[in-house]
Amino acid sequence: MLSIEEALDKIRASIKPLASEEIFISDALGRVLAEDVTATLSHPPQAVSAMDGYAVRASDVAEVPATLTQIGEAAAGHLFVGTVGPGQCTRIFTGGALPDGADSIVIQEDTTVDGDQITMTEAPKHGAWVRAEGLDFAKGRTLLSSGRLLSARDLGVAAAAGATWIRVRRKPRIAVLSTGDEIVMPGAPIRPDQIVSSNSVALVAYADVMGADATSIGVAADKPESLRERLKDAAGFDMLVTSGGASVGDHDLVQSVFGEEGLELGFYKIAMRPGKPLIFGHIGDTMLLGLPGNPVSTGVTAAIFMRAAIEQMLGLAPKPMYQAAKLGSDLGPNGKRLDFIRAYLAPSETDLPTVTPFDRQDSSMMAIFSDADCLIMREIGAPAAKASDTVKIVPLGFSSRQF
Ligand code: AMP
Ligand code: MG
């Protein structure tokens, strides 16, 4: 049995980033840049006032009071055409372009007005309240590098820099296939010996929050012909993710049937709980990730392995899998497989969050999985742990969409 790290290494080593496509900047939230964004505009694009007041030559106001003649106005979006000469000033408002000749702003609170005669009662420092051209960034600067997961703030800065159409990784196309004679699609009539294919819904949603484009291609019965038939529908997808039938029972056919259809097996079985049976490989150009069918096993293995595969296709650098938290209750010793325990978090403003395991951990219990904020990771053979010990957790609330 492989360790999680060995399995992740194998997955990452076998995947190259996907091709790129051009999209409009306003559609790029949560996408991954495939090309640097370099500023074609400086920001601010011209020197502007940061306050309402008067644009002056600081040397004219070195001694106060100083009375200057107002020769015009520079409101935001309304350039003053002309030059501020000695003894002159213009009215200016926040965001107004600094007129030629002026170098500083006297805020209106420090003036008295008599027609066009403006008396300055405070001497400004040279450059006072002026946002210089390029103060934020200058034309030509690389603002966002290839491989970056684009946040809402990134879109703002890219737009200010003049970006319109940008190059991003195409989204991985994922086919989700459920297997099992007992499984029916959500909404279909259900017999007493059947259950709803919750995985068909959840796996598509998991893939979506991870930045992929996923489609359910239905359910395969536990019969070789049915699996073969559904496999045809997965042609053209980057990855086929199956749930169920991955174990070694008489009715677990994914590995054997796909083996006959040309599956090149990367690995099978991982020393973890939940989720021991897990198939990874390739069938032609399509990657196969065969997950166990119990919905919590499906969810935990998706959170670790499907996520790693999607991030690798998107060209995202791997991030540390674990964060630290303090235990809220005691935990017993762990056995021979890495254990992922469903748990809830209480945040703290000054300390690590407190993490408390749910009492029941059966891998079919979706209500607890949906309430969980994270998984507590227990190393193979870990001794019992006490409340307030520091432990490693895998947060579950991740998303490719960031502020
Ligand atoms: P399997 O991995 O096929 O042995 O399935 C393990 C358990 O997960 C069984 O109780 C299945 O009924 C259940 N299961 C399998 N596939 C799904 C699915 N798509 N949705 C919900 N439960 C499933
Ligand atoms: Mg099954």
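All ligand and atom numbering here is 1-based and tracks the order in the structure.
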Any side chain to side chain donor-acceptor pair (under 3.5 Å) involving residues 313-323? Give me the pairs, sequence neighbours left out, ordered by first then second residue. none

Would you list the pairs meeting side chain to side chain donor-acceptor pair (under 3.5 Å) in which at least one residue belongs to residues 390-403, sequence neighbours left out? none

Which of these passes side chain to side chain donor-acceptor pair (under 3.5 Å) with Lys326: Asp389, Thr354, Asp351? Asp351

Restricting to salt bridge (Lys or Arg N to Asp or Glu O under 4.0 Å), what partner residues turn up for Lys232, sequence neighbours left out? Glu229

Could you state the interatomic distance from NZ (Lys10) to CD1 (Ile270), rounded to the nearest 0.5 Å? 11.0 Å

Report all N/O contacts between ligand 1 and the protein shorter than 3.5 Å as a table of atom names and distances to 0.1 Å; if there are none, say 'none'.
| from | atom 1 | to | atom 2 | distance (Å) |
| --- | --- | --- | --- | --- |
| ligand 1 | 2 (O) | Gly293 | N | 3.0 |
| ligand 1 | 3 (O) | Gly245 | N | 2.8 |
| ligand 1 | 8 (O) | Gly293 | O | 3.2 |
| ligand 1 | 8 (O) | Asn294 | N | 3.1 |
| ligand 1 | 12 (O) | Glu182 | OE2 | 2.5 |
| ligand 1 | 14 (N) | Gly293 | O | 3.2 |
| ligand 1 | 19 (N) | Ser178 | OG | 3.1 |
| ligand 1 | 19 (N) | Ser197 | OG | 3.0 |
| ligand 1 | 20 (N) | Ser198 | N | 3.2 |
| ligand 1 | 20 (N) | Asn199 | N | 3.3 |

Under 4.5 Å between any side-chain heavy atoms of Ile304 and Met321, yes or no? yes

